[in-house]
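Each remark here refers to the structure printed beneath this line.
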Amino acid sequence: MTALPCPGDLLVVDGRASVQFAGDRALAFRVVSVGDQPTYAGWIWLTGYVLNRRGAATAKREIYVRLAGLRPVVSPPASQPAYVTRSYASRPRAWLDLIGLAP
């Protein structure tokens, strides 16, 4: 990631961002704010929420990470809505009378 993250962005924070998040310590992170205090070149302070597998916030944290090591969360493609078909028998009788298909 080369641009600064914005509030609301979902990021993968792993060993590329900082050694403290390597391996099983990697996390999904929703950005709340980006720190404006001076840091070493290429590093930033982020405030936000750690997300569990369901996307629910579990903890608020402030983390110090390399900007180049941050990656956006890649979400799976949205599933197509299921189309529900109903037989005439399952429709209300009044509706069937209205269209002239009542038994």
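FYI, the numbering just counts along the sequence from 1.
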task: Scan Val34, Thr39, Ile44, Leu46 and name whichever one has a side chain to side chain contact (heavy atoms under 4.5 Å, CB included) with Leu67.
output: Ile44

- line: Which of Val73, Val31, Val74 passes side chain to side chain contact (heavy atoms under 4.5 Å, CB included) with Leu10? It is Val73

How far does [atom1] of [X] sit from [atom2] of [Y], to the nearest 0.5 angstrom?
X     : Y     : atom1 : atom2 : answer
Ser33 : Glu62 : OG    : CD    : 7.5 Å
Tyr49 : Arg61 : OH    : CZ    : 14.0 Å
Leu27 : Leu51 : CG    : CG    : 8.5 Å

message: If hydrophobic clusters are built from ILVMFWY residues whose side chains come within less than 4.5 Å, do Val65 and Leu4 share one?
response: yes

field: Pair Arg71 + Asp14, salt bridge at N-O below 4.0 Å
entry: yes

query: Closest heavy-atom contact between Pro72 and Val12?
result: O-CG2, 4.2 Å

message: For Val13 versus Phe29, what's the shortest heavy-atom pair and its separation?
response: CG2-CB, 3.8 Å

Geometric class of the Tyr64/Trp43 ring pair [parallel <30°, tilted 30-60°, perpendicular >60°]: parallel

task: Please examine the side chains of Ile63 and Ser18, heavy atoms only from C-beta on, and report whether any two atoms are closer than 4.5 Å.
output: no

- request: Indicate yes or no for a side-chain donor-acceptor contact from Thr58 to the backbone of Asn52 under 3.5 Å, with no hydrogens or angles considered.
  value: no

- prompt: Does Arg30 reach the main-chain N or O of Gly8 with its side chain, forming a donor-acceptor pair under 3.5 Å?
  reply: yes

